[in-house]
2 protein chains.
Amino acid sequence: MTVMCRTGEHDAHDVYGRLCPCRDVLDLIANKWSTLVIGALENEPQRFGAVQRRLEGVTPKVLSATLKRLEASRLIDRTVFPAVPAHVEYSLTPLGETLVAPLAGLRRWAEEHLDDIGDQPDAD
Amino acid sequence: MTVMCRTGEHDAHDVYGRLCPCRDVLDLIANKWSTLVIGALENEPQRFGAVQRRLEGVTPKVLSATLKRLEASRLIDRTVFPAVPAHVEYSLTPLGETLVAPLAGLRRWAEEHLDDIGDQPDAD
DNA sequence: CTGTATCCATTGGGATACTG
DNA sequence: CAGTATCCCAATGGATACAG
C-alpha cells in the first residue's frame, strides 16, 4: 500500500488525485503572498502596516485579501486593540506555527539552490 | 545578524524582501500543478500521458506548460525516445530530487492538518 | 502518444484614492 | 492606522480540437 489520501480507500497511487489534501494546501499557498505572510509572522505578531512594509511590494488590497484567506484557514489570528488610531495585530495560530517548519524547509532549499534554478546555463 | 538573502548585504530583516530567493522558488511552485508534477515524478520517470492521468484534472496544455517551466528551471529532464508512436519521458534531475524532501514535508503537513484548515468551525 | 493552437472565463494582483 | 472601493491588466488555467 502506498501513501493514502483523504478517503484512504483508493487503490493507492492516487496520492495526487483530486481528493488529496495536498490540493487544499497547495490552493492555500499557491499564490504570491501567503507563505511570505506566514514567514513574516513567524517570530512575533505584526501589525498590518508592518507586514506590508516587510513584504516589499504588496499592496494593501492584496495583503488584506491574503490575510483574510489565512485567517479563514485558521492559520493566523486577527486581534483588534481598541485604540484611537486603529491597532490590529496578526499572529500565527498554533496551527499556523506548525506550518512554519515545512515552509522553512522550502526557504532553506530556496537559499541553497538559488543559483541552480536561475536560467544561467552551466559551464557546458 | 539574521537570515540573509541573495545579496547578503542588507540590513537584515528583509528575508522576505524583493530579492529573497524565496520569491523565485515561490514563483516556481506557486501554481496549481508544479509541485504535483514533481511529486508524480518522485519515484520514477513518467511519460506525458502517465503524468496527466496521475494528476487528475490537468489538461494537456497546462501540463505541457508546467513541464516546460520546470524543465527550464532544471528541476526535470525531458527524454525523447525515438519511436513511431512518440515516446517521451520526464524525470527529476538531481536538483529536482533535492526538492522532493521539502515538498514531502509540506505534503505530510497537509495530510496531518487536513481537518484543521477546512472551514468546518470547531466546537465553540 | 505527445503535444500545440484557440478560445475563453476566472482571478490574482497592481495602482490609486478614499474612508472609519 | 487599517483597511475598502475601483479600475484594470496579465496570467493561469480549463475545454476542445487538431497536428506531428
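Please read these numbers as outputs of a predicted model, since none were measured by experiment. A note on names: the letters A, B, ... follow the listed sequences, proteins ahead of strands, and every chain is numbered from 1. Hydrogens, waters and symmetry mates play no part in the numbers below; they use all other heavy atoms, side chains included.
- Residues L67(B) and F48(B) meet the side-chain proximity criterion, which asks for heavy atoms closer than 4.5 Å.
- Side-chain nitrogen and oxygen atoms of K61(A) include none within less than 4.0 Å of the OP1 or OP2 phosphate oxygen of dA2(D).
- Taking atom CD of E56(A) as the reference point, atom P of dA15(C) lies 13 Å away to the nearest angstrom.
- Positionally, the nearest nucleotide of DNA chain D for H87(A) lies more toward the 5' end than for the other of A86(B) and H87(A).
- Dashed line: the shortest gap from a side-chain N or O of R78(B) to OP1 or OP2 of dT2(C) is not under 4.0 Å.
- Spacing between atom CD of Q52(B) and atom P of dC1(C) amounts to 10 Å, rounded to whole angstrom units.
- Rounded to an integer number of Å, the gap from W33(B) CH2 to dG13(D) P is 9 Å.
- With rounding to whole Å, F81(B) atom CZ is found 11 Å from dT2(C) atom P.
- Remark: C1' of dC1(C) and CD of Q46(B) are 15 Å apart, rounded to the nearest angstrom.
- Considering only side-chain N and O atoms, K68(A) lies under 4.0 angstrom from the phosphate OP1 or OP2 of dT4(D).
- Atoms OG and CG, from S91(B) and N43(B) in turn, are 13.0 Å apart once rounded to the nearest 0.5 Å.
- In this structure, T59(A) does not reach the dA15(C) phosphate: none of its side-chain N or O atoms is under 4.0 Å from OP1 or OP2.
- Rounding to whole angstrom units, CG of residue D27(A) and C1' of dG12(C) are separated by 13 Å.
- If you take CD of E71(B) and C1' of dG3(C), they are 13 Å apart, rounded to a whole angstrom.
- Side-chain nitrogen and oxygen atoms of Y90(B) include none within less than 4.0 Å of the OP1 or OP2 phosphate oxygen of dC1(C).
- Not a single donor-acceptor pair under 3.5 Å links the side chain of D24(B) to the backbone N or O of D27(B).
- Remark: P of dG14(C) and CG of L63(A) are 11 Å apart, rounded to the nearest angstrom.
- Distance from the side chain of V62(A) is smallest for dG14(C) among the nucleotides dC1(C), dC1(D), dG14(C).
- Counting heavy atoms from C-beta outward, P102(A) and R108(B) have side chains that stay 4.5 Å or more apart.
- Contact of the H113(A) side chain with the L95(B) side chain is registered, since non-hydrogen atoms from C-beta on lie closer than 4.5 Å.
- You'll find that the side chain of N31(B) is closest to dT12(D), out of dT12(D), dG14(D), dC1(D).
- The phosphate of dC1(D) has neither OP1 nor OP2 within less than 4.0 Å of any side-chain N or O from R47(A).
- In the set dT16(D), dT4(D), dG13(C), dT16(D) carries the atom at the smallest distance from any side-chain atom of P60(B).
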